[in-house]
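By convention in this document, chain letters (A, B, ...) are assigned in the order of the sequence lines, proteins followed by strands, and residues within each chain are numbered from 1. Basis for what follows: all heavy atoms, side chains included, without hydrogens, waters or symmetry-related copies.
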Amino acid sequence: MASKYKAPRGTQDVLPEVSWRWQRVEAAFRDICRRYGYGEIRTPIFEDTQLFVHGTGEGTEIVNKQMYSFDDRGGRSLTLRPEGTPPVVRAYLEHGLASGGVQKFHYIAPIFRYERPQAGRYRQHTQLGVEAIGAPGPDIDAEVIALFHDFLTEIGLEGAVTHASSIGCRNCRPALSGALRAFFKPKLDDLCDFCQARYETNPLRILDCKVPADVEARVGAPSALDHICDECRAHFDAVVALLTELDIPHEVDPTIVRGLDYYARTTFEVVHPSLGAQDVVMGGGRYDGLAEALGGPATPGIGFGSGLERLLLVLGEDGSSPGPDVYVAAASDEARGAAFTLVLELRRAGLSVEVDYTGRALRAQMREANRLGARTAALIGEDEVAAGTVTLRDMATGEQESVPAGQVVERIKAGPGAGGSRT
RNA sequence: GUGACCGUAGCUCAAGGGUAGAGCACCGGACUGUGGAUCCGGUGGUUGGGGGUUCAAAUCCCCUCGGUCACCCCA
């Protein structure tokens, strides 16, 4: 035990040897969002607890048992963001952004939920998310799904499957729930305990249950898509048609149900088979009633959240972090001063440069250069200091050449291996 | 929140009541200004933490913390 303290349960340290992977995915996401016109929004890491109670919904698992809530010294009840959407809608309303037409945002933000950790499920995780507020039509639904699809293509993640459905609006949801209750009523005793509870609270969720008896019990159950109103149906059909036209692979899956109260109409998720039980890599949908629930005007909105840790899990651990451009090695203690001067000069010229800080032998410095994956080693010894030169070694080929001190930057930038002689 | 399995060196794992070990990694040498291969040597552990049983505990028992899997939930 190196320390008596450990990272809290369900959290993790991301060390430099892996954080470069995170940065790569984040950069790809930001670039896709730039192309689609989704500007970055940064909201506080904690919010008024009521924002989530009223936004995410009182009946939800998140609000009931997963929030990190605390009173601050002024007696305010605050909550660590358990979910990305309500803060964005809150900011949208707070800053009067409705007057600016459709607003599109993206964020990369830590999310906190008190859950039992397991692979792909953490108490602090990071979501890549997007929110488009103010646009009611099916085209924006398709755009958001397309954006994520392009993002997955960009980062080279293959094998993901996109499921989409519609759970109706506040006008037709009651009829849909009623139809489901009517269907399950005679079978109520056959359902699992959870589903018996869901029968009352949210019968849609019975369609989502994995208990074998329930899977059997729901054969022939009414499909959400057959019981939503004409407007909702037309909206969903249009979304599907657009996805098909855009060549975005997708499956219509009436069993997908989201766990948050505010979802309406289009819902979707992307799963990946390599992940086991926590296989949802992205989830989202339309939330046309959320702004109103937060005290604002009726405003349509749609967005998704995607778990960065899960994406990384799917991507695996191939490849290694890029090494420095140059490793500067001192052949003797007398040359260390000159070596360090060269290090700073090269860094100021824009190169990434490493050196030894522990006074080790040249051999050890070269081993380090190799381990780090440096492309070029720059050697300085007494000979070089006397001659005003630096010896550059191409680490891949072993070729070396002596270069006047003033030309080192230029020579390295020209790329290793362009000249020199074998050793 | 429920159930199950698991925590030994930086990493992957041995030792199942009697001196805590190996491989990899790391450091050094062979090679006194030159990396990747090979050989030799070395550093490194109050066996997750606490308590108990015992002459003796990594090993058996209890508690606790953490991880993993499933449920649940979700990203």
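As judged by a 4.0 angstrom heavy-atom cut-off over every strand, A:Gly129 is placed among residues making no nucleic acid contact. Among the atoms of the strands shown, only primed sugar atoms or phosphate atoms (P, OP1, OP2) are found under 4.0 Å from some heavy atom of A:Gln66. Nucleic acid contact for A:Gln124: none, since no nucleic acid atom lies under 4.0 Å from a heavy atom of the residue. Base engagement by A:Val280 is indicated by at least one non-hydrogen atom pair under 4.0 Å involving a base atom.
Between B:U12 and B:G52, the two P atoms lie 32 Å apart (nearest whole Å). Taking the P atoms as reference points, B:G28 lies 39 Å from B:G18, given to the whole Å. Across B:U38 and B:G33, the matching C1' atoms stand 22 Å from one another, rounded to whole Å. Taking the C1' atoms as reference points, B:A57 lies 40 Å from B:C39, given to the whole Å. B:G45 and B:U19 have their C1' atoms separated by 15 Å, given to the nearest Å. Annotation: B:C60 and B:G66 have their C1' atoms spaced 22 Å apart (nearest Å). For the P atoms, the distance linking B:G16 with B:C55 amounts to 22 Å, nearest Å. Using P as the reference atom, B:A14 and B:U8 are 10 Å apart when rounded to the nearest Å.
Candidate nucleotides B:C74, B:G33, B:G66 were compared by shortest atom distance to the side chain of A:Arg9, and B:G66 ranks first. Closest to the side chain of A:Arg393, from the set B:U68, B:C73, B:G35, is B:G35.
Salt bridge A:Arg21/A:Glu26: absent, no basic N to carboxylate O contact under 4.0 Å. With respect to the salt-bridge test (charged N to carboxylate O, under 4.0 angstrom), the residues A:Asp141 and A:Arg286 qualify. A:Glu40 and A:Arg34 are not joined by a salt bridge, as no carboxylate oxygen comes within less than 4.0 angstrom of a charged side-chain nitrogen. Salt bridge absent: A:Glu131 and A:Lys104 never bring a charged side-chain N and a carboxylate O closer than 4.0 Å.
Atoms OH (A:Tyr327) and P (B:G33) sit 15 Å apart, rounded to a whole Å. Summarising the geometry, the separation between CD on A:Glu26 and C1' on B:A75 is reported as 15 Å, rounded to the nearest angstrom. Nucleotide B:C74 holds its C1' atom 9 Å from the CD atom of A:Glu61, rounded to whole Å. The separation between A:Leu313 atom CG and B:C74 atom C1' is 14 Å, rounded to whole Å. Taking atom CE of residue A:Met395 and atom C1' of nucleotide B:U34, one finds them 9 Å apart after rounding to whole Å. Rounded to an integer number of Å, the gap from CZ of A:Arg116 to P of B:G1 is 8 Å. The NZ-P distance, from A:Lys6 to B:U64, rounds to 15 Å in whole Å. When rounded to the nearest whole Å, the span between CD1 of A:Ile62 and C1' of B:C73 equals 9 Å.
Smallest separation of non-hydrogen atoms from A:Ala293 and A:His54: CB-O, 3.8 Å.
B:G3 is paired with B:C69 under the criterion used here, namely a Watson-Crick or G-U wobble arrangement in which both key atom distances are under 3.5 Å. In a base pair of the Watson-Crick type (N1 to N3 plus N6-O4 or O6-N4) or a G-U wobble (N1-O2 and O6-N3), with each distance short of 3.5 Å, B:U38 is matched with B:A30.
The cationic atom of A:Arg123 (NZ for Lys, CZ for Arg) lies less than 6.0 Å from the six-membered ring centre of A:Tyr114 and within 45° of the ring axis.
Checked by distance alone, A:Gln400 brings no side-chain donor or acceptor within 3.5 Å of a matching partner on the base of B:G33.
Of the residues in residues 355-373 of chain A, those placing a heavy atom less than 4.0 Å from an atom of RNA chain B are A:Arg360, A:Leu362, A:Arg363, A:Ala364, A:Met366, A:Arg367, A:Asn370, A:Arg371, in numerical order.
Applying the ring pair (Phe, Tyr, Trp, His ring centres under 6.0 Å) definition to pairs two or more places apart or across chains, none involves residues 320-379 of chain A.
One side chain, A:Thr43 or A:Arg81, offers a donor N or O that lies under 3.5 Å from an acceptor on the other.
In this structure, A:Gln118 reaches the B:A70 phosphate: one of its side-chain N or O atoms is under 4.0 Å from OP1 or OP2.
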Quick one, A:His163 with A:Phe268, criterion ring pair (Phe, Tyr, Trp, His ring centres under 6.0 Å). Give me CA distance, side-chain angles, the key distance, then yes/no.
CA-CA 5 Å; A:His163 297 276; A:Phe268 47 87; over 10 Å; no
